[in-house]
K.L.:
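There's a structure below that I have some questions on.
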Amino acid sequence: MSPLKIAAIYLLLGCVWILFSDQLVSWLFADAPPEVLARAQTLKGWAFVIVSAVIIGVLVHVSIRRMEHASSFMDLQSSMIRHAHTGILAADRDKKVIYANPAISRMSSTPLKLILGRSMKEFRSGAHEEPFYEELWREVDETGLWQGEVIARRRDGSLYTQWVTVTRVDDREGEVAYYVMFATDISQEKADKERLRYLAFYDPLTDLPNRALISEHLKNALRQTPAEGSGQVAVMFVDLDDFKTINESYGHQAGDQLLRLAADRILGILVDGSQLGRFGGDEFVVLMTGVTDQKQVEQMASRLLDALGEGFQLDDDTRVMVRASIGICLSRGSRGGDSDDTRRLFSQADSALSEAKAAGKNIFAFYHTEMTRQARRRLELEEALTTALARKEFVLYYQPVHDVASGRLIGAEALVRWQHPEWGLVSPNEFIPLAEETGQIVEIGARVASEAARQIRAWTELGLEPGVVAINVSSRQLARGHFPAFLRSVIEENGIEGHRLEVELTESSLLALGERTTDLLREIRETGVQLAIDDFGTGYSSLSYLRRFRVDKLKIDRSFVNELQVDGGSLGIVKAVIAMGQAMGLQVQAEGVELDSQLDTLARLGCDSFQGYLRAAPMPAEQFQKLLGASQSQQSEG
């Protein structure tokens, strides 16, 4: 409470006392003697002093408490302003600084003593033109408030961005008393936002547009290309075929460097109007607009393949050779140019890329509608494969194996077939590669081995002699590391002799195992089974690994048998394989024998056994069982 209010209250109390106290005393002591009346007047005076003292004390106490509270609140406000991270600055009506908190000093790297008393104009960075400030102060004067980004300058000359709020404070007459400015340094926030925006649309490794941004570029290209006319948009998927090998051999840093160098080289090949993006991994996307002739795209693809095939110098000691595959699709313009269009074109280019990779390296391929059919079929197969094992849809067929010299039935090869409830028998050429890719071949192979062993036992219990039954083993099964133990458990659980099973391995699966091959083959042989190398001659056939890897049989690939009568080279290969097998004490078996002339040639060359449609196609177990019975009856009669 202010002293003026206290004085006014005291004055009011005194006036009231003077006016009414004498009358009160006279009324109370009207009949009292004079000496009593005199004493009453004295007591009246002391009462006034005491009451007024108490009232004044209370008023002063309340006033002091309020002043202390106000002072404490002002100290709090002052402390908040001093310690605030937001810069706070006050200027008079002439825009000269009358107050600045420490945050302003930290933000601008300028001592407070060099800020106070100076005009706000002196702190301009020069990044904004004069009309910017004119509009700022006009809005402050008209509305009392302005907010926005301002580029400021630190004392060392560096620029930074502030978010500034300027308010006008008026006096009681409505005139400007002073201006208050609140400023926050948002440089890091803006940098973070720019970084996030960059990461959202650009590949940080190559600085190329990523999948999201290249999709937008494709949409714009489709919108800008007429739907009618000769102009088209080409989408090219460029994949580095040997990237995985380089990445694993030289390390990820070398792989990253290769991607950067490849991106730079592709950019150097592109013509005006073309765009490059990184789709992911080692895949790049090239967009070509204004294509009027397919030859333009073919020429560009050839140049890209040639450029990438020249090799890359990663450092002083490391030079790598890289081949590429390119998938291409062409499209006319689309006014819609929506996400469905881009997804469709990317899918078509990816399908074309898969076809190019299947055809070999350093090649390009164009998309056609058959690829879509194949892709949909693949999705159907992949989905159906996940339930085929649980539903026991896989069955074994057995292709008889005969002795070349006598024609006697000596065994069979167990071949897995997929009996789908709706599609019927699915070709192994369709589902085996897919099962290999998805890893389901491991479980399928285990089912084949178990079923073949069970069937051998069933036949022997019937008094039949099935001979040797061969099963194909995938490299994925071998890579798991526990295949020999699994094989031993299959043999023991079914109570069969190990030599009745023959494990067929391809050359590529053996070589993929590297140094583990010798030990693995030894462990497999210890189970008692026989070992055969399937499709011999189509891979990396070598006397050195035949010497190191102990096997029992070589199987000549059907491609050489089919061409025995028409290709002198195939005849030479078959002859060499048989001679090699004989020299090393190995059995040699031919696959795919369909003609008597082929069998005659094999007999003349000394081949041991054969299988093929000339004698019998793969057949269900029941049919093969009948064949076994008939064969044994003939031998008994003979």
Side-chain angles (χ1 to χ4, degrees), residues 1-2 4-5 66-201:
M1 187 175 293
S2 66
L4 185 61
K5 285 185 178 181
R66 290 184 178 179
M67 290 176 65
E68 287 177 348
H69 179 73
S71 176
S72 175
F73 187 72
M74 290 177 64
D75 289 342
L76 175 62
Q77 287 182 316
S78 178
S79 178
M80 290 171 61
I81 292 173
R82 287 197 310 272
H83 294 91
H85 290 289
T86 299
I88 303 173
L89 181 147
D92 60 19
R93 66 183 62 190
D94 296 323
K95 302 182 181 67
K96 287 187 178 181
V97 180
I98 58 176
Y99 174 81
N101 71 341
I104 287 285
S105 176
R106 292 193 300 270
M107 204 179 301
S108 62
S109 302
T110 305
L112 287 175
K113 63 182 181 180
L114 298 181
I115 297 176
L116 297 175
R118 295 174 62 184
S119 171
M120 295 181 70
K121 285 186 177 181
E122 298 181 40
F123 298 104
R124 295 180 179 179
S125 65
H128 301 286
E129 300 291 338
E130 184 62 30
F132 172 83
Y133 295 102
E134 291 176 355
E135 176 63 23
L136 184 158
W137 290 112
R138 184 192 64 76
E139 188 170 336
V140 171
D141 290 336
E142 290 181 357
T143 66
L145 176 69
W146 181 90
Q147 286 184 314
E149 290 186 6
V150 176
I151 299 177
R153 186 182 298 275
R154 295 187 177 90
R155 193 181 183 193
D156 61 5
S158 61
L159 298 177
Y160 65 103
T161 304
Q162 295 177 325
W163 179 259
V164 173
T165 300
V166 181
T167 59
R168 187 189 70 199
V169 181
D170 294 340
D171 57 21
R172 293 181 179 178
E173 287 74 30
E175 298 296 327
V176 176
Y178 49 89
Y179 298 97
V180 178
M181 183 186 79
F182 301 88
T184 304
D185 186 350
I186 60 171
S187 300
Q188 187 60 47
E189 181 183 345
K190 283 181 68 69
D192 292 342
K193 287 182 178 178
E194 288 297 320
R195 179 64 177 170
L196 288 174
R197 182 182 177 279
Y198 173 82
L199 293 175
F201 294 106

K.L.:
Tell me, please, which residues at least two apart from E135 pass salt bridge (Lys or Arg N to Asp or Glu O under 4.0 Å).
P.N.:
R138
K.L.:
Would you say the side-chain atoms of S125 pair up with the backbone N or O of I151, donor to acceptor, closer than 3.5 Å?
P.N.:
yes
K.L.:
For R154 and L159, work out which heavy atoms get closest and say how close.
P.N.:
NH1-O, 3.9 Å
K.L.:
Considering all heavy atoms of both residues, which atom of G87 and which atom of M107 are nearest to each other, and what is their separation?
P.N.:
N-CE, 3.7 Å
K.L.:
So, taking the atom named CG in D92 and the one named CD1 in I98, what distance separates them when rounded to the nearest 0.5 Å?
P.N.:
6.0 Å
K.L.:
Walk me through whether Y178 and R93 qualify under side-chain contact (heavy atoms from CB on, under 4.5 Å).
P.N.:
CA-CA 5 Å; Y178 49 89; R93 66 183 62 190; over 6 Å; no
K.L.:
Once rounded to the nearest 0.5 Å, what's the spacing between atom CD of E122 and atom NZ of K95?
P.N.:
14.0 Å
K.L.:
With sequence neighbours excluded, what pairs up with K121 under the side chain to side chain contact (heavy atoms under 4.5 Å, CB included) test?
P.N.:
S119, R124
K.L.:
If you round to the nearest 0.5 Å, how far is CG of L136 from CH2 of W146?
P.N.:
4.5 Å
K.L.:
May I ask you to decide if I186's main-chain N or O and T184's side chain share a donor-acceptor pair within less than 3.5 Å?
P.N.:
no
K.L.:
Which heavy atom of S105 sits nearest to which heavy atom of P111, and what is that distance?
P.N.:
OG-CA, 3.8 Å
K.L.:
Taking the side chain as C-beta and beyond, is there a heavy-atom pair between V180 and Y99 under 4.5 Å?
P.N.:
no
K.L.:
Please enumerate all residues that pass side chain to side chain contact (heavy atoms under 4.5 Å, CB included) together with R168, with sequence neighbours excluded.
P.N.:
V140, D141, D170, V176, Y179
K.L.:
So which heavy atom on F132 is nearest to which on E149, and how close?
P.N.:
CZ-O, 3.8 Å
K.L.:
Side-chain donor-acceptor contacts of residues 193-201 below 3.5 Å, not counting sequence neighbours, with atom names and distances?
P.N.:
unit_1 : atom_1 : unit_2 : atom_2 : d
K193   : NZ     : E189   : OE2    : 3.4
Y198   : OH     : D207   : OD1    : 2.2

K.L.:
If we only count heavy atoms from C-beta on, is the L89 to M120 side-chain gap below 4.5 Å?
P.N.:
yes
K.L.:
Considering residues at least two apart in sequence or located in another chain, which fulfil the side chain to side chain contact (heavy atoms under 4.5 Å, CB included) criterion with S187?
P.N.:
Y160, T161, D185
K.L.:
Flag yes if more than 12 heavy atoms outside E134 fall under 6.0 Å of its CD atom; otherwise flag no.
P.N.:
yes
K.L.:
Measure the spacing between NZ of K96 and CZ of R118 and express it to the nearest 0.5 Å.
P.N.:
12.0 Å
K.L.:
Any side-chain heavy atom of R153 sitting closer than 4.5 Å to one from F123?
P.N.:
no
K.L.:
Please name all residues satisfying side chain to side chain contact (heavy atoms under 4.5 Å, CB included) with T110, sequence neighbours left out, ordered by chain then number.
P.N.:
S108, L114, I115, R155
K.L.:
Please answer whether the main-chain N or O of S158 pairs with a side-chain N or O of D156 as donor and acceptor at a distance below 3.5 Å.
P.N.:
yes
K.L.:
About how many Å separate CD of E139 and CG of L145, when rounded to the nearest 0.5 Å?
P.N.:
7.0 Å
